[in-house]
S.K.: 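Below is one structure. I have some questions about it.
Owing to the predicted nature of the structure, the values given are computational and were not obtained by experimental measurement.
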Amino acid sequence: MGEHLQGKVAIVTGGTRGIGYSMAQRLLDEGAKVFICGRSAGHLKTALESLGKQSAANVDGIAADMRRYEDCRRLVQNAAEKFGGIDILINNAGLGYFKPVDQLTPEEWDETIQTNLSGVFYCCREAIPLLRKRGGGYIFNISSLAGVNPFAGGSAYNASKFGLNGFSEAMMQDVRHDGIRVSYIMPGSVDTDFGAAPGSKSSATWKLTGEDIAKAVVDLYNFPKTALASRIEMRPSQPPKKK
C-alpha cells in the first residue's frame, strides 16, 4: 500500500468500466477514497458493487454525463461532501466516432468534443478551488497518442485529444504555484472494449492494460513534489510486427 495515497480522495470520471475502473480499483488498493461516475446508472451500480467488495466505505459515485456542466458540478460537489474534500481528479471519461469527415454527423462531432474536452474543463473548473483548499493536489487527464498522431477517420477524436493536450499544458502553468500538479497520459492501444463493435470484446494480449495506466497514475502521484512529469506517452512494448 502506498502511504502517499492513504486517505486521499480521488474522483475518477468514466470509472465504471475499462481504464477508469482499473484506476479506481488500484487507488482503493493504495488506501485512497474513490468517487466515480459513468453515464449509465446500470454500469455505475455494477461497478460500485464490485469495487465495494474491497472497501465499501471508501467508494461511492453518481451517474453523470460529462457533456453537461451541471452534472460535472454535481459530481465534484458530491465527492467533496461524501469524503470531506478532494485531492485528486482523474479525467478519464471519453468516447470516439471513427468516420471520414463527410460521414461524421454534427451530433457525433458535438458529443465527442463535449465529452472528451469540454467535460474535462467543467470538472477542472469545479475541482481546482477545492484542491486549493487542501493546499494542492493532482489532476490527471487521460488523453491518447491520437492527441499527437492524426489518422484517417479520426477527425473528431483527434481534435478532442489534440485540444485536451493543449488544455492540459496551459492549465498546468495556471495552477502549478498553487501546489496542484497536472499530468496528461497518452496511451496507445489498450485492451478494452473502447471503439469495439457492440457486443464484442478485445483480447489482444500485446496491448496495454487498464492496470498499466493505473500504475502510471500511482507512480506519477508518488513522484517527489518538486518534480513533475507533465506528459507521458505509453505504448505496448511489443506490438505485432508490420509485414
S.K.: Just so I know, are the side chains of F167 and C124 near enough to count as touching, which here means a heavy-atom distance under 4.5 Å?
M.R.: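 When only atoms from C-beta onward are counted, C124 and F167 do touch, with a gap below 4.5 Å.
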S.K.: Let's go through L89 and V12 carefully: what are the C-alpha distance in whole Å and the side-chain angles of both, what is the deciding distance for side-chain contact (heavy atoms from CB on, under 4.5 Å) to 0.1 Å, and is it a yes or a no?
M.R.: CA-CA 6 Å; L89 170 64; V12 183; over 6 Å; no
S.K.: Check the pair Y221 / E30 against side chain to side chain donor-acceptor pair (under 3.5 Å), numbers first and verdict last.
M.R.: CA-CA 11 Å; Y221 187 85; E30 296 286 329; over 6 Å; no
S.K.: Backbone N or O of D65 within a donor-acceptor pair of the D71 side chain at under 3.5 Å?
M.R.: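 Present.
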S.K.: How long is the gap from CD1 on I128 to CG on D174, to the nearest 0.5 Å?
M.R.: 7.0 Å
S.K.: Compare all side-chain heavy atoms of R181 with those of S230 and state whether any distance is below 4.5 angstrom.
M.R.: no
S.K.: Does one side chain, of Y184 or E169, offer a donor that lies under 3.5 Å from an acceptor on the other?
M.R.: yes
S.K.: Between the side chains of E107 and R67, is the shortest nitrogen-to-carboxylate-oxygen separation below 4.0 Å, so that they form an ion pair?
M.R.: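 No, R67 and E107 are not salt-bridged.
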S.K.: Rounded to the nearest 0.5 Å, what separates atom CD1 in I142 from atom CG in L164?
M.R.: 9.0 Å
S.K.: Strictly by salt bridge (Lys or Arg N to Asp or Glu O under 4.0 Å), give each pair with a member in residues 91-102 just once, sequence neighbours left out.
M.R.: K99-E108
S.K.: List the atom of A214, the atom of R26, and the distance in Å for their closest heavy-atom pair.
M.R.: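 Nearest pair, atom of A214 first, then R26: CB-CB, 3.8 Å.
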S.K.: If you round to the nearest 0.5 Å, how far is OG of S22 from CG of L27?
M.R.: 10.5 Å
S.K.: Given salt bridge (Lys or Arg N to Asp or Glu O under 4.0 Å), test E70 with R74 step by step and report yes or no.
M.R.: CA-CA 6 Å; E70 182 57 32; R74 184 166 53 90; 5.6 Å; no
S.K.: Tell me the closest heavy-atom pair linking A229 and L220, and the distance in Å.
M.R.: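 Distance-wise, the nearest heavy atoms are CB-CD2, 3.5 Å.
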S.K.: Tell me the salt bridge (Lys or Arg N to Asp or Glu O under 4.0 Å) pairs involving residues 128-150, sequence neighbours left out?
M.R.: D87-R134, R132-D178
S.K.: Determine, stepwise, if the pair E211 / K215 fulfils salt bridge (Lys or Arg N to Asp or Glu O under 4.0 Å).
M.R.: CA-CA 6 Å; E211 290 76 14; K215 185 179 187 305; over 6 Å; no
S.K.: Determine, stepwise, if the pair I11 / I36 fulfils side-chain contact (heavy atoms from CB on, under 4.5 Å).
M.R.: CA-CA 6 Å; I11 295 173; I36 66 173; over 6 Å; no
S.K.: Is it true that the side chains of T209 and D212 contain a donor and an acceptor less than 3.5 Å apart?
M.R.: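 Side chains of T209 and D212: pair found under 3.5 Å.
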S.K.: Verify the cluster assignment for V175 and V9: are they in a single hydrophobic cluster under the rule of side-chain heavy atoms below 4.5 Å apart?
M.R.: yes
S.K.: Any idea which heavy atoms bring S143 and N165 closest together, and the distance?
M.R.: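 For S143 and N165, the tightest heavy-atom pair comes out as OG-OD1, 2.7 Å.
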S.K.: Are I62 and I86 in one and the same hydrophobic cluster, where Ile, Leu, Val, Met, Phe, Trp and Tyr link if side-chain heavy atoms are under 4.5 Å apart?
M.R.: yes
S.K.: Would a 4.5 Å heavy-atom cut-off, applied to side chains only, mark M186 and I232 as touching?
M.R.: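 A side-chain contact under 4.5 Å is absent here.
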S.K.: So, for A216 and M234, which heavy atoms are closest and what is the spacing to 0.1 Å?
M.R.: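 That would be CB-SD, 3.8 Å.
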S.K.: May I ask you to check whether over 12 heavy atoms, not counting those of R125, lie within 6.0 Å of atom CZ?
M.R.: no
S.K.: Without placing hydrogens or testing angles, list every side-chain donor-acceptor pair under 3.5 Å for residues 75-84, not counting sequence neighbours.
M.R.:
unit_1 : atom_1 : unit_2 : atom_2 : d
Q77    : OE1    : R73    : NH1    : 2.7

S.K.: Hey, are the side chains of L44 and T46 touching, using non-hydrogen atoms and a 4.5 Å cut-off?
M.R.: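 L44 does not reach T46 side chain to side chain.
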S.K.: Identify, with sequence neighbours excluded, every residue that meets ring-ring contact (aromatic ring centres under 6.0 Å, His included) alongside Y122.
M.R.: Y69
S.K.: Classify the side-chain pair S183/Y138 by whether it contains a donor and acceptor separated by less than 3.5 Å.
M.R.: yes
S.K.: I need the D29 CG to L51 CG distance, nearest 0.5 Å.
M.R.: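 Going from the CG atom of D29 to the CG atom of L51 covers 9.5 Å.
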S.K.: How far apart are the C-alpha atoms of F98 and Y157, what are their side-chain angles, what is the distance that settles it, and do they pass the ring-ring contact (aromatic ring centres under 6.0 Å, His included) test?
M.R.: CA-CA 7 Å; F98 303 101; Y157 191 70; 5.3 Å; yes
S.K.: Working to the nearest 0.5 angstrom, can you tell me the gap between M172 CE and N141 CG?
M.R.: 11.5 Å
S.K.: Find the distance between CG (L131) and CD (E126) and round it off to the nearest 0.5 Å.
M.R.: 11.5 Å
S.K.: Examine V218 and L28 and state if one hydrophobic cluster contains both, with Ile, Leu, Val, Met, Phe, Trp and Tyr joined whenever side-chain heavy atoms are less than 4.5 Å apart.
M.R.: yes
S.K.: As a quick check of understanding, evaluate side-chain contact (heavy atoms from CB on, under 4.5 Å) for V34 and N58, giving each step before the final call.
M.R.: CA-CA 6 Å; V34 180; N58 288 335; over 6 Å; no
S.K.: Distance alone, cut at 3.5 Å: any donor-acceptor contact between the side chains of T13 and N92?
M.R.: no
S.K.: Can you name the nearest heavy-atom pair linking I180 to G136, along with the distance?
M.R.: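 Between these two residues, the closest heavy atoms are CG1-CA, 4.1 Å.
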S.K.: Can you name the residues that form a ring-ring contact (aromatic ring centres under 6.0 Å, His included) with F223, not counting sequence neighbours?
M.R.: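 If we apply the ring-ring contact (aromatic ring centres under 6.0 Å, His included) test to F223, skipping adjacent residues, there are no hits.
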S.K.: Decide yes or no on side-chain contact (heavy atoms from CB on, under 4.5 Å) for K33 and V59, but give the supporting numbers first.
M.R.: CA-CA 6 Å; K33 299 174 182 179; V59 63; over 6 Å; no
S.K.: Among all residues two or more places apart in sequence or in another chain, which pass the ring-ring contact (aromatic ring centres under 6.0 Å, His included) test with Y21?
M.R.: none
S.K.: If you take all heavy atoms of N116 and S160, which pair is closest and at what distance?
M.R.: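 Result for this residue pair: ND2-OG, 3.1 Å.
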